[in-house]
Amino acid sequence: MRIARFSIDGNVAFGAVEGDKQDELVLDIIKGIPFADFELSGIKVPLSKVRLLPPVLPNKVVAFGRNYPEHARELGNEVPDAPFAFFKPSTSVIGPGDEIQYPSFSEELHHEAELAVVIGRMCREVPRDRVKDVIFGFTCANDVTARDVQRREKQWARAKGFDTACPLGPWVETDLDLATANDLTIQLTVNGEQRQLGRTSEMSHPVEDLIVNISEAMTLLPGDVILTGTPAGVGPLHVGDEVAVTIEGIGTLTNKVVKRG
């Protein structure tokens with residue numbers, strides 16, 4: 001099931017996305033919230049009539065860096081032996097169609113296409129064989145990075161945590177099992193030109209290892225998001241660019257870069 005969060009007539013709701021053709025998609029409005037038992041209302045609205053929002057509002061976004069060896073090497077970094085985590089604040093999250101605002105303190109903005117895992121229940125110290133039980137689903141992400149700031153400041157809080165630095169969407173796909181999620185095509189285009197192309201099977205540490213690693217240290221809450229790393233091919237974004245992340249079996253997340261006002 002594809003679960004979207006959307007706004008219509010000033011109201012925010014969740015809905016199940018139905019249909020196969022983009023121009024014929026409809027939303028069956030969900031009664032309640034999708035992290036608990038819910039029912040479909042049977043009230044359906046065309047996707048074209050709503051504004052899609054970030055599919056979740058995470059308490060925290062935990063991101064893993066250098067999880068694709070070729071990406072680590074393209075930036076001159078060593079491949080870490082263990083998962084390497086950092087945070088993006090909830091204020092960095094935007095949804096499909098929202099604008100990425102080029103930060104005034106950077107002159108080198110980069111795209112990073114990523115598979116995002118959405119947590120479905122409160123959990124801590126999750127055993128590897130129980131990881132599947134705490135996952136709500138998967139979505140597309142773009143770990144937008146001020147690369148010059150990342151190099152200069154070493155600590156990544158500003159480089160990866162500025163407002164609009166974490167596009168998510170367009171919805172959460174709940175029907176992917178872990179074996180499938182760990183071997184999906186992931187690609188990114190800028191103005192229609194392919195920049196990144198890889199498979200999640202190239203990750204040094206698969207989804208299970210990442211969830212085990214971070215849940216050893218902290219409690220994960222429903223709606224929290226785990227970013228799993230980016231394949232090789234990262235590169236610059238400029239004002240006016242349209243950047244699109246597409247992940248097999250999930251969908252496409254598209255955003256435009258604008259000058260920060």
Side-chain angles (χ1 to χ4, degrees), residues 54 58 60-80 82-96 98-116 139-169 186-200 202-205 210 225-247 253-261:
K60 54 186 170 293
V61 177
V62 182
F64 285 91
R66 302 170 186 169
N67 197 29
Y68 287 73
E70 289 305 312
H71 165 61
R73 296 186 186 106
E74 74 179 342
L75 295 181
N77 297 312
E78 295 183 359
V79 179
F84 177 79
F86 61 94
F87 291 98
K88 293 173 83 80
S90 59
T91 48
S92 68
V93 173
I94 58 174
D98 290 342
E99 296 174 336
I100 299 168
Q101 297 181 6
Y102 204 117
S104 57
F105 54 85
S106 173
E107 295 181 352
E108 189 182 357
L109 198 64
H110 278 199
H111 55 75
E112 295 191 9
E114 310 215 3
L115 173 70
T139 192
C140 305
N142 192 346
D143 176 20
V144 184
T145 302
R147 192 71 71 198
D148 52 345
V149 178
Q150 183 185 29
R151 287 194 299 263
R152 183 171 65 245
E153 297 184 356
K154 310 301 182 184
Q155 213 277 356
W156 298 358
R158 296 205 318 150
K160 288 177 172 282
F162 60 89
D163 290 354
T164 75
C166 190
L168 297 175
I186 178 170
Q187 62 180 322
L188 180 143
T189 63
V190 177
N191 302 324
E193 176 187 348
Q194 183 173 284
R195 297 282 186 85
Q196 291 182 266
L197 178 65
R199 295 194 69 82
T200 56
E202 298 167 12
M203 292 189 291
S204 298
H205 307 285
L210 303 180
V225 171
I226 311 296
L227 303 189
T228 59
T230 192
V234 301
L237 290 171
H238 304 285
V239 172
D241 284 347
E242 183 177 85
V243 55
V245 177
T246 300
I247 301 180
L253 166 68
T254 303
N255 302 90
K256 188 171 183 179
V257 182
V258 301
K259 184 177 180 180
R260 188 172 185 175

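The model shown is predicted, which means the values in this text are computed figures rather than measured ones.
- In this structure, CG on L188 lies 10.5 Å from CD on E114, to the nearest 0.5 angstrom.
- No more than 12 heavy atoms of other residues, nucleotides or ligands lie within 6.0 Å of CD in E107, so this atom counts as exposed by the packing criterion.
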Worksheet item: So V61 and F87, side-chain contact (heavy atoms from CB on, under 4.5 Å) or not? Walk me through it.
Response: CA-CA 6 Å; V61 177; F87 291 98; over 6 Å; no

Discussion item. Please determine whether side-chain contact (heavy atoms from CB on, under 4.5 Å) holds for the pair F162 and L109, giving the CA-CA distance in whole Å, both sets of side-chain angles, and the decisive distance to 0.1 Å.
Written reply: CA-CA 11 Å; F162 60 89; L109 198 64; 3.6 Å; yes

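- Rounding to the nearest 0.5 angstrom, the gap separating the CD atom in E153 from the CZ atom in F105 is 7.5 Å.
- With sequence neighbours excluded, no residue satisfies salt bridge (Lys or Arg N to Asp or Glu O under 4.0 Å) with R152.
- Residue pairs meeting the salt bridge (charged side-chain N to carboxylate O under 4.0 Å, His left out) criterion with at least one partner in residues 61-70, sequence neighbours excluded, are E70-R73.
- Checking side-chain atoms of T145 against main-chain N and O of R147 turns up no donor-acceptor pair under 3.5 Å.
- Contact annotation: the side chain of N77 never approaches that of F84 to less than 4.5 Å [non-hydrogen atoms, C-beta and beyond].
- Side chain of Y102 to backbone of E108: a donor-acceptor contact under 3.5 angstrom is found.
- Considering only residues two or more places apart in sequence or on other chains, E99 meets the side chain to side chain contact (heavy atoms under 4.5 Å, CB included) condition with V258.
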Fill in: Verdict with reasoning, T246 to I186, per side-chain contact (heavy atoms from CB on, under 4.5 Å)
CA-CA 6 Å; T246 300; I186 178 170; over 6 Å; no

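- The structure places OG1 of T189 at 9.5 Å from NE2 of H111, a figure rounded to the nearest 0.5 Å.
- Counting heavy-atom neighbours within 6.0 Å of K256 NZ, excluding the residue itself, gives a total of 12 or less.
- Partners of P167 under the side chain to side chain contact (heavy atoms under 4.5 Å, CB included) rule, at least two apart in sequence or in another chain, are I94, I100, N142, V144, L253, N255.
- The NZ atom of K154 lies 9.5 Å from the CD atom of Q150; values are rounded to the nearest 0.5 Å.
- With sequence neighbours excluded, no residue forms a salt bridge (Lys or Arg N to Asp or Glu O under 4.0 Å) with E202.
- For the side chain to side chain donor-acceptor pair (under 3.5 Å) test, no residue two or more places apart in sequence or in another chain qualifies with Q194.
- Scored by the ring-ring contact (aromatic ring centres under 6.0 Å, His included) test, F86 finds W156 as partners (sequence neighbours excluded).
- With rounding to the nearest 0.5 angstrom, the CZ atom of F64 is 9.5 Å from the CG atom of L227.
- Considering every non-hydrogen atom in both V225 and A116, the closest pair reads CG1-CB, 3.9 Å.
- Interatomic distance, C140 SG to L168 CG, rounded to the nearest 0.5 Å: 9.5 Å.
- N67 places a side-chain N or O within 3.5 Å of a backbone atom of T228 that can act as its donor or acceptor partner.
- Residues that satisfy the side chain to side chain donor-acceptor pair (under 3.5 Å) test with R260, not counting sequence neighbours, are absent from this structure.
- Under the salt bridge (Lys or Arg N to Asp or Glu O under 4.0 Å) criterion, K160 pairs with E112, D143, not counting sequence neighbours.
- For S204 (side chain) and Y68 (main-chain N/O), no donor-acceptor pair under 3.5 Å exists by modelled atom type.
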Return a table of donor-acceptor pairs under 3.5 angstrom between the side chains of residues 230-243 and protein atoms on other chains or two or more places apart.
{"residue": "T230", "atom": "OG1", "partner": "A113", "partner atom": "N", "Å": "3.2"}
{"residue": "T230", "atom": "OG1", "partner": "A113", "partner atom": "O", "Å": "2.8"}
{"residue": "T230", "atom": "OG1", "partner": "Q196", "partner atom": "NE2", "Å": "2.8"}
{"residue": "D241", "atom": "OD1", "partner": "N191", "partner atom": "ND2", "Å": "2.9"}
{"residue": "D241", "atom": "OD2", "partner": "H238", "partner atom": "N", "Å": "2.7"}

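- The two residues T254 and A244 come nearest to each other via the heavy atoms OG1-CB, 3.7 Å.
- In this view, S90 satisfies the side chain to side chain donor-acceptor pair (under 3.5 Å) rule with no residue, not counting sequence neighbours.
- In this structure, the side chain of T139 engages the main chain of G169 through a donor-acceptor pair within 3.5 Å.
- Between the side chain of S92 and the main chain of P89, a donor-acceptor pair closer than 3.5 Å is present.
- Distance alone, capped at 3.5 Å, places no donor-acceptor pair between the K88 side chain and the V62 backbone.
- Partners of R195 according to the side chain to side chain donor-acceptor pair (under 3.5 Å) rule, which considers only residues two or more places apart in sequence or in another chain, do not exist here.
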